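Beneath this line is the structure, given in structure tokens, with notes to follow.
Owing to the predicted nature of the structure, the values given are computational and were not obtained by experimental measurement.
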Amino acid sequence: MGRPIAALAALLAAGLASCAHEPVTDSGYRWAFLSEPSEAPRLAYGRPFSDDVILMLSCAPGADSVQISAVGLNDREIVLASKRIESRFPAQKAESALVETGLLEARGRMSAPALAGFQHTGDLTVLTGGQRHNLHAKREDEGQVKAFFRSCAA
């Protein structure tokens with residue numbers, strides 16, 4: 001794991017102990033649109049070609065619903081922001097053999113203001129413990145983000 005994203009993962013897992021100022025954008029993590037005919041469309045923020053994923057969005061095409069999974073959080077909600085707009089998603093802990101540091105899952109609306117902002121700007125931040133962790137889509141990831149939202153709207 002690269003140093004900046006390792007710091008983010010450690011912060012999320014440990015309740016944000018330190019180093020929250022490190023930029024995630026230089027981490028090697030990317031947004032990836034995952035579409036299999038037998039599964040719901042998913043958008044993952046993680047290391048390419050690995051199971052190292054911090055945030056996963058999954059939708060039901062044509063429905064205004066989203067499932068959000070976040071690794072390393074222990075709160076009772078997942079808070080996402082795009083620019084200055086926040087959306088809060090009540091969450092519950094989930095068990096996973098692949099995740100050692102805690103997994104939260106939440107359900108909400110695809111039309112939630114922060115997700116709508118993310119769709120249009122590529123700007124997404126996870127808020128936890130009073131800290132902001134930027135997961136902004138890089139220019140080369142914008143097509144992945146747009147493909148996910150198009151697939152969800154279908």
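Side-chain contact between T125 and H136 is present, with at least one heavy-atom pair separated by less than 4.5 Å. Annotation: side chain of L124 is in contact with side chain of L80 (closest heavy-atom distance under 4.5 Å). Between R47 and R30 there is no side-chain heavy-atom pair separated by less than 4.5 Å.
With 3.5 Å as the limit, one finds a donor-acceptor pair spanning the side chains of Y29 and D52.
Connection of L135 to F89 is established within a shared hydrophobic cluster, with ILVMFWY side chains joined at heavy-atom distances below 4.5 Å, either directly or through further cluster members.
Here the shortest heavy-atom pairing between K83 and R132 reads O-NH2, 3.5 Å. The nearest pair of heavy atoms linking Q144 to L43 is O-CD1, 3.8 Å. Minimum interatomic distance between L104 and E77 (heavy atoms only, all atoms of both residues): CD1-O, 4.0 Å.
Within the 3.5 Å criterion, the main-chain N or O of G143 finds no donor-acceptor partner in the side chain of W31. Under a 3.5 Å cut-off, the side chain of H133 and the backbone N or O of V126 do not form any donor-acceptor pair.
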Using residues 55-73 as the side-chain source, report each donor-acceptor pair under 3.5 Å to any protein atom, sequence neighbours left out, with the distance given to one decimal.
residue: D64; atom: OD1; partner: M110; partner atom: N; Å: 3.0
residue: D64; atom: OD1; partner: S111; partner atom: N; Å: 2.8
residue: D64; atom: OD1; partner: S111; partner atom: OG; Å: 3.1
residue: D64; atom: OD2; partner: S111; partner atom: OG; Å: 2.8
residue: Q67; atom: OE1; partner: R107; partner atom: NH1; Å: 3.3
residue: Q67; atom: OE1; partner: R107; partner atom: NH2; Å: 3.3

Output a table of donor-acceptor pairs, distance under 3.5 Å, between side-chain atoms of residues 113-120 and any protein atom two or more places apart or on a different chain; print 'none' if there are none.
none

Scan the side chains in residues 145-154 for donor-acceptor partners under 3.5 Å anywhere in the protein, sequence neighbours excluded, and list what turns up.
none

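Annotation for Q92: atom CD does not count as buried by contact number, only 12 or fewer foreign heavy atoms lying within 6.0 Å.
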